[in-house]
Amino acid sequence: MSKHTQTDGTHRTAIPSLFLIRAASLSEPVYTLFEPALCIIAQGAKLISLEQVNYRYDPASYLVASLQLPIVGQILEASSELPYLSVQLSFNFAQILDIIQDFDPVHNEPSKQSRYGMAVNRTNTLLLDAVLRLVRLLDTPEDIPILAPLIIRELLYRVLKDEQGSIVKQFVISGSQAQRVADVIEYIKQNYDQPLNIAQLAKQVNMSVSSLHYYFKEFTAMSPLQYQKKLRLQEARRLLLSGAPEAADVAYTVGYESPSQFSREYARMFGLPPISDLAKLRQILGGDSVTIKTE
């Protein structure tokens, strides 16, 4: 893996859904929208926070996320001698559905912490073996088109068989409350800058307003409005870091009608008002422009 991660950062690979991550130092908390993915650490440790729930994982464990969730990530163990190294494999619901049509594992009800569309499991040798074979394909790119899809399917199969496999499975079951919540999340993501009509949204996914609030919080640890707010503020921060000239313009771009309200909510989430936060981040990262990475 070191061969393909000579520098710090998130590295795309010849396998489109596979990313390799390296960091030679501890990180500041990074706010991002976490996509459905399997994350395995080869060296180091990381903490993912979803509202008040923390997920710590390391080489003895792996994290799987089955929803698009606004989270805070932080590398806990890394140094120049022993850099943080991890593998991130993105997946989609169609891949999961394809597997459970052939194999439908039965699991116990997931724990309360695991209901939030994210879970940490103990890493097993069968899963590790498949991950290693997938990464080694990068050394023989001519084999990737044929073998990579097979190994990825095997990896997802291993996850589904694992203790918290139901965390992934439940979101592809047609008509389930979990799938309806996934549909609502996709709608909010595509329309985060528009006013959110909860009653209309509930009707759209064939749920009552109270059921939508209940199950949305069950799977994401927040309400639909809180989810939308986090997406707006994360996008605002990204725009500011990318060089947007005025915080007020950014506020309107992400859907706020009041720049003062935007500034208050931004400071509540990130700890500082927009301009102060931007100056601090540039000082930490040593440049005039920075990018927010996903893992």
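Across every non-hydrogen atom of Pro59 and Gly44, the tightest pair is CD-O, 3.1 Å. Between Ile198 and Pro224, the closest heavy-atom pair is CD1-CB, 3.8 Å. Summarising the geometry of Ser25 relative to Ile75, their closest heavy-atom pair is O-CG2, 4.3 Å, with the distance given to 0.1 Å. Taking all atoms of both residues into account, the shortest heavy-atom contact from Gly117 to Leu69 is O-CD1, 4.0 Å. Taking all atoms of both residues into account, the shortest heavy-atom contact from Leu138 to Leu18 is CD1-CD2, 4.4 Å. Closest heavy-atom contact between Phe19 and Thr13: CA-CG2, 4.5 Å.
Using a 4.5 Å heavy-atom threshold, the side chains of Gln74 and Val30 count as separate. Using a 4.5 Å cut-off on side-chain heavy atoms (C-beta onward), Leu89 and Leu134 make contact. Here the side chains of Phe34 and Gln68 are not in contact, with every heavy-atom distance at 4.5 Å or above. Under the 4.5 Å side-chain criterion, counting only non-hydrogen atoms from C-beta, Thr220 is not in contact with Gln226. Using a 4.5 Å heavy-atom threshold, the side chains of Ser263 and Pro274 count as touching. In this structure, the side chains of Pro70 and Thr32 stay at 4.5 Å or more apart for every pair of heavy atoms. Put simply, the side chain of Thr253 does not reach to within 4.5 Å of the side chain of Asp193, judged on heavy atoms. You'll find the side chain of Arg56 stays beyond 4.5 Å of the side chain of Lys46, heavy atoms only.
Cluster note: Leu76 groups with Leu47 through ILVMFWY side-chain heavy atoms spaced under 4.5 Å, whether in direct contact or through intervening members.
Cluster annotation: Leu233 is connected to Leu225 through the hydrophobic network of ILVMFWY side chains, with a link wherever side-chain heavy atoms come within less than 4.5 Å. Ile173 and Leu160 fall into different hydrophobic clusters, where Ile, Leu, Val, Met, Phe, Trp and Tyr are joined by side-chain heavy atoms under 4.5 Å apart, directly or via other members. Leu132 and Leu85 sit in two unconnected hydrophobic clusters of ILVMFWY residues. Membership requires side-chain heavy atoms under 4.5 Å apart, directly or through other members. Linking ILVMFWY residues whenever their side-chain heavy atoms come closer than 4.5 Å, directly or via other members, places Leu196 and Ile185 in the same cluster. Put simply, Leu239 and Ile275 are part of two different groups of oily side chains (I, L, V, M, F, W, Y) that touch within less than 4.5 Å, one to the next.
To the nearest 0.5 Å, atom CE of residue Met207 and atom NE2 of residue His213 are 10.5 Å apart. How far OG of Ser176 is from OH of Tyr215: 10.5 Å, rounded to the nearest 0.5 Å. Between the CD atom in Gln228 and the CD atom in Gln194 there is a gap of 9.0 Å [rounded to 0.5 Å]. For the atom pair CG (Leu82) and CD (Gln43), the distance works out to 5.0 Å, reported to the nearest 0.5 Å. Atom CG of Asp58 and atom CD1 of Ile41 lie 6.5 Å apart (nearest 0.5 Å). Between Asn197 atom CG and Gln204 atom CD the span is 10.0 Å, to the nearest 0.5 Å.
No salt bridge links Lys230 with Glu235; every basic N to acidic carboxylate O contact stays at or beyond 4.0 Å.
For the ring pair (Phe, Tyr, Trp, His ring centres under 6.0 Å) condition, the pairs that include at least one residue of residues 222-253, sequence neighbours left out, are Phe216-Tyr227.
Checked by atom type and distance alone, the side chain of Ser208 pairs as donor or acceptor with a backbone atom of Ser211 at under 3.5 Å. Ser276 places no side-chain N or O within donor-acceptor distance of the main-chain N or O of Leu272, the cut-off being under 3.5 Å. Remark: the backbone N or O of Ile167 is paired with a side-chain donor or acceptor of Ser66 at under 3.5 angstrom. A donor-acceptor pair under 3.5 Å links the side-chain atoms of Gln179 to the main chain of Gly175, judged by distance alone.
The side-chain tip of Arg22 does not point at the ring of Tyr84 from less than 6.0 angstrom away and within 45° of straight on. Relative to the six-membered ring of Tyr256, Arg232 meets both conditions, a distance below 6.0 Å and an angle of at most 45° to the axis.
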Evaluate the criterion side-chain contact (heavy atoms from CB on, under 4.5 Å) for residue pair Tyr116 and Leu67; output intermediate values, then yes/no.
CA-CA 9 Å; Tyr116 295 136; Leu67 278 179; over 6 Å; no
Walk me through it: do Gln88 and Cys39 pass the test side-chain contact (heavy atoms from CB on, under 4.5 Å)?
CA-CA 5 Å; Gln88 179 176 311; Cys39 303; 4.0 Å; yes
Worked check of side-chain contact (heavy atoms from CB on, under 4.5 Å) between Ile21 and Thr5:
CA-CA 7 Å; Ile21 300 97; Thr5 54; over 6 Å; no
Decide side-chain contact (heavy atoms from CB on, under 4.5 Å) for Ser61 and Arg122; before the verdict, give the C-alpha distance in whole Å, the side-chain angles of both, and the deciding distance to 0.1 Å.
CA-CA 4 Å; Ser61 53; Arg122 184 173 295 278; 5.6 Å; no
Contacts table for residues 147-155: side-chain donor-acceptor under 3.5 angstrom, sequence neighbours left out:
from	atom 1	to	atom 2	distance (Å)
Arg153	NH1	Asp98	OD2	2.4
Arg153	NH2	Asp102	OD2	3.0
Glu154	OE1	Arg133	NH1	3.3
Glu154	OE1	Arg133	NH2	3.0
Glu154	OE2	Arg133	NH2	2.8

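Screening Val64, Asn121, Ile48 against Tyr57 for a side-chain contact (heavy atoms from CB on, under 4.5 Å) leaves a single residue, Ile48.
Under 3.5 Å, the side chains of Asp162 and Tyr62 contain a donor-acceptor pair of N or O atoms.
Using cut-offs of 30° and 60° on the angle between ring planes, the pair Phe171 and Phe219 is perpendicular.
Under a cut-off of 6.0 angstrom, the local environment of CD in Glu142 is crowded, with over 12 non-hydrogen atoms contributed by other residues, nucleotides or ligands.
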